[in-house]
Amino acid sequence: MKIALLQRDIVWADPDSNRQRNEDVIAGYGGADLLVFPEMFSTGFCTVPDGIAEKSPSGTLSWMKEKAAGCGCAVAGSIAVEEYGRFYNRFYFVHPDSRVEYYDKRHLFTYGGEDRHFTPGNKRTVVEHSGVRILLQVCYDLRFPVWSRNLGDYDMAVYVASWPESRIEAWKSLLRARAIENQCYVAGVNRCGDDPSNHYTGATMLVDPYGNVVAGCPDGTESGIIADVDMELLRDFRRKFPVLDDADKGIERIIG
């Protein structure tokens with residue numbers, strides 16, 4: 001599977017502008033099976049979502065469906081949405097046939113006040129696309145390895161983020177750690193640019209199950225990469241070195 005990781009700057013609280021800015025970007029990644037945008041890519045990371053979050057079903061979700069159908073690939077990324085009076089940091093995965101699956105961010109960023117306004121998710125979401133089982137995760141989830149523990153149910157974890165430059169070394173280290181401990185690919189798609197609170201430098205990357213960075217975007221600039229998720233390499237590694245067979249038992253009771 002070919003995955004395109006899109007490191008984008010985001011216009012604050014302006015979904016129309018952000019959708020328009022991404023029109024030409026999508027056209028430049030023909031041949032990818034999956035396009036991934038950062039966390040809250042239509043508004044920027046808003047911890048006070050009233051007046052900023054999109055109503056569900058959102059205009060950005062409709063845009064994602066249109067683009068997925070038009071390019072014949074899946075399109076993914078998180079959006080701040082309001083649904084039945086509650087706010088969610090919702091990671092949408094839109095298939096080429098317009099089928100939608102989603103994951104609501106479990107670990108809300110209390111340090112920034114996200115927990116005061118958003119409702120946390122309560123279930124893991126694994127989607128399957130182009131022969132790859134993909135675990136959906138959002139930003140702060142990266143710091144909680146139990147939640148992303150591989151139960152033998154996924155091949156790649158995708159983290160979309162608004163992870164600031166001040167803590168970027170943690171981002172880089174934890175992406176590699178999640179790949180190594182879960183014997184999987186890990187894609188981390190982070191934004192660049194500025195919002196009212198933080199500066200973001202990106203460090204978007206794809207990490208293989210050995211912990212090697214397969215490909216990455218240049219720091220500090222809008223850019224994108226297409227990289228291969230090599231399932232034969234992954235299956236061969238798991239056969240030769242079956243780490244997951246020795247994983248702690250009973251973890252399903254915690255994250256099930």
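Both backbone and side-chain heavy atoms feed into the values below; hydrogens, waters and symmetry mates do not.
Under the 4.5 Å side-chain contact rule for hydrophobic residues, V158 and F93 share a cluster. Side-chain heavy atoms closer than 4.5 Å link hydrophobic residues (I, L, V, M, F, W, Y) into clusters, and following such links, possibly through other members, connects L6 to V94.
In this structure, T204 contributes its side chain and N190 its backbone to a donor-acceptor pair below 3.5 Å. In this structure, the side chain of R178 engages the main chain of L142 through a donor-acceptor pair within 3.5 Å. Between the side chain of R19 and the backbone N or O of S42 there is no donor-acceptor pair closer than 3.5 Å. Under a 3.5 Å cut-off, the side chain of E39 and the backbone N or O of S78 do not form any donor-acceptor pair.
Counted by atom type alone, N122 and R106 present zero donor-acceptor pairs between their side chains at under 3.5 Å.
Judged as a salt bridge (Lys or Arg N to Asp or Glu O under 4.0 Å), and not counting sequence neighbours, E66 has no contacts. Scanning for salt bridge (Lys or Arg N to Asp or Glu O under 4.0 Å) contacts around D9 gives R191, with sequence neighbours left out.
Counting non-hydrogen atoms of other residues, nucleotides and ligands closer than 6.0 Å to OH of Y210 gives a total above 12. Counting heavy atoms of neighbouring residues, nucleotides and ligands inside a 6.0 Å radius, atom CZ of R235 exceeds 12 of them. The environment of NZ in K249 is crowded: more than 12 heavy-atom neighbours from other residues, nucleotides or ligands sit within 6.0 Å.
By the 4.5 Å heavy-atom criterion applied to side chains, R90 and I79 are not counted as neighbours.
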Side-chain polar contacts of residues 24-35 - donor-acceptor pairs under 3.5 angstrom, sequence neighbours left out - could you list them?
| residue | atom | partner | partner atom | Å |
| --- | --- | --- | --- | --- |
| Y29 | OH | G224 | N | 3.2 |
| Y29 | OH | G224 | O | 3.4 |
| D33 | OD2 | K2 | N | 2.7 |

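Considering L234, I134, D155 as possible partners of Y185, the one that fulfils the side chain to side chain contact (heavy atoms under 4.5 Å, CB included) test is L234.
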